[in-house]
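Presented below is the structure to which this report refers.
Keep in mind the model is a prediction, meaning the values are calculated, not measured. Residues: numbered from 1 along the sequence shown. Remember, it's 1-based here, ligands and their atoms both numbered in the order they're listed.
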Amino acid sequence: MSVVTRYAPSPTGALHIGGARTALFNWAFARHQGGSFLLRFEDTDQARSTRESEEAVLEALSWLGLDYDPVPGFEDIPRQSERLERYREAIEGLLATGAAYRCTCTVEELEAARRAAREARRQPGYNGTCRNKEIGPEPGRPFCVRLRTPEDGLTRWNDLNAGPSGEDISQLDDFIMLRSDGTPVYHLAVVVDDHDMGITHVIRGREHMTSTPRQLLLYRALGFEPPQFAHVPLLVEAGGKKLSKRHESMSVQSYRDRGFAPEAVLNFIARLGWSHSDLEIFTKEELVKLFTLAGVGRSPSQVHNDKLLWLNQHYIKSLPMPTLLSHAHRFLEAEAGGPLRVEPQLERLIDLLRERSKTFMEMASLARFYLVDALELEPKAARKYLTARMAQPLRELRDAFAVLPEWTQESLRGAFDAVIERHQLKLGQLAQPVRVAVVGGPASPGIFETLEILGRERSLARIDAALTRIGSSAQD
Ligand code: GLU
C-alpha cells in the first residue's frame with residue numbers, strides 16, 4: 001500500500017509555524033516512503049476563509065520547497081466549500097442505512113433537556129428524543145441529522161505518536177452531522193474527504209486528538225477504512241507557555257520577509273519535535289532520507305527563535321553563491337532602491353559579508369555602501385573620526401590613491417603605509433576615517449578589501465566628500 005498524506009489548512013491567514021510543521025511532517029513522511037503528499041483547503045468557515053490566504057499558504061509551501069501532488073479524481077486542490085453535495089450524499093447514505101437519523105428538536109427543547117441533565121448531574125449531551133422516531137423529511141419542518149452513536153464500547157486506535165488511544169463511547173452523544181440550515185459539520189467533511197482522497201496517514205497536531213473518536217465513529221458508520229493517525233505534540237513558546245496563533249512574527253512569510261533562508265526555516269521547523277541522533281543541520285534531501293514518525297518526540301516542543309538565527313547564519317555561510325544571491329536579491333534591491341546589477345564585485349562583497357550577517361536584511365544593510373550612490377554618514381562616527389586633524393593625512397592618501405598604477409589590496413596598503421609613516425599614525429587612526437568616508441560608519445570588512453571592491457572612482461569621490469565635510473565643519 002502506498003502512503004498518502006495530506007495537509008488540510010483552513011485558509012484563514014498566513015502559514016504559521018505550527019501549520020508549516022504539520023505540512024512538513026506529512027510531506028517528509030510521504031516522500032520518505034515514496035508516497036504522495038496532498039493538499040486540501042478546509043474552507044467551510046466561509047466568513048474567515050479567503051482566497052488570499054490560500055495563495056499565502058501555497059506561496060509559503062513553495063518557498064519552503066514542500067511540493068505537493070495532484071489529487072487523483074480532482075482537477076485542482078480540493079476545497080470543502082465545493083463539495084457540499086458530496087457530504088450531503090454521504091449523509092443520505094447514513095440515513096438510508098439507519099446509521100443516522102433526523103432530529104426536529106428545537107433550540108428551546110434542547111436547552112431545557114440540557115438544563116435538566118445538569119440538574120440531575122447527568123452528561124449534558126443530546127438526550128436522544130428523536131432517536132427512534134424515524135422522522136422523514138417533511139416540507140416546512142426544519143431538521144438536523146444526527147449520528148446514531150453506539151450505546152457503549154470503545155473507539156480505539158494505536159496513535160503513531162501518542163500510542164494506544166481511545167475513548168469510551170458512552171461519553172459521546174448523538175452528534176450533529178448536518179445542521180438544520182443544510183450545512184454539513186466539519187467532522188463529516190474531514191472523514192469523507194480523507195476517504196475520497198485515499199489518505200492512509202493523518203499526521204496532525206495534538207489539539208485535534210479529541211476529534212478522532214467522533215471521526216472514527218463516522219468512518220465505521222460510512223463503511224470506510226480509517227487511516228492511521230499520528231497526533232504530534234504541541235508547539236510552545238520557549239519557557240513552556242502556549243504558543244499564540246496570532247503571533248504574526250511566527251508565520252513563514254514573516255521569517256521570509258525578515259531575511260531568513262528557506263533552508264534555515266525548513267531545518268528549524270523540522271527540529272520542532274523531530275530529531276535524528278544529535279544532528280542539528282538537515283538539508284531537504286536529508287530530511288526525506290531520515291524522516292520517520294518514530295523520530296518525533298512525545299512532549300511539547302519549545303520554539304527557540306535564537307536557534308533559527310543560528311541556523312540562518314550557518315546557511316548564509318555555507319549556501320552556494322547563486323542560491324545566496326537569489327535569496328538576498330530582494331533585500332539588496334530594497335537597500336539599493338532600484339534594480340540590482342549583479343556584478344563580480346558585488347558577489348565578492350556578499351562573500352565577505354557571509355561571516356558578518358545573521359539575516360539577509362542585515363547583509364543588505366551592510367552592503368548598502370556599495371549599493372547606493374548618495375551615502376549618508378552616521379553623524380556620531382563622522383564627528384568622531386572625520387576631524388580637522390585628519391584632513392591632511394586623508395588628503396595625502398586620496399592623492400596617492402588617485403595615481404596608483406593599479407587598484408589592488410597590495411597597492412592600497414602601500415599608499416596607507418606611506419601616509420601612516422609620514423604622520424606617525426597607527427593603521428586604525430587612518431583606517432577609521434577612511435572607513436567612515438567610504439561606508440558611512442565605523443564597521444565594515446577589512447578596509448583594503450572594502451576599497452578594492454568599491455573601486456577607485458567611487459572611493460575617491462567619497463573621500464573628497466568627507467574632506468569637504470571636514471573643511472566646512474572646521475569653518476563653523
Ligand atoms: N483544518 C484543520 C486545521 O487547519 C486541520 C484538521 C485536520 O488535519 O484534520 O487545523
Per atom 7 (C) of ligand 1, closest listed option by heavy atom (Glu207, Arg6, His208, His187): Arg6
Among Arg204, His16, Glu42, closest by heavy atom to atom 1 (N) of ligand 1 is Glu42
Mind checking whether Phe291 and Trp274 have ring centres under 6.0 Å apart? yes
Close aromatic pair by centroid cut-off 6.0 Å: Phe331 and His329: no
Check each of Asp45, Asp43, Asp193 against Gln80 using the side chain to side chain donor-acceptor pair (under 3.5 Å) test, and report the only one that passes. Asp193
Counting only heavy atoms not in Lys317 (residues, nucleotides, ligands), do more than 12 fall under 6.0 Å from its NZ? yes
Heavy atoms from other residues, nucleotides or ligands near CD of Glu343 exceed 12 (cutoff 6.0 Å): yes
When you measure from the heavy atoms of Tyr7 to every atom of ligand 1, does any distance fall below 4.0 Å? no
Side chain, backbone, both or neither: the part of Phe229 lying under 4.0 Å from ligand 1 by heavy atom: neither
Quick check: does Val190 get an N/O under 3.5 Å from an N/O on ligand 1? no
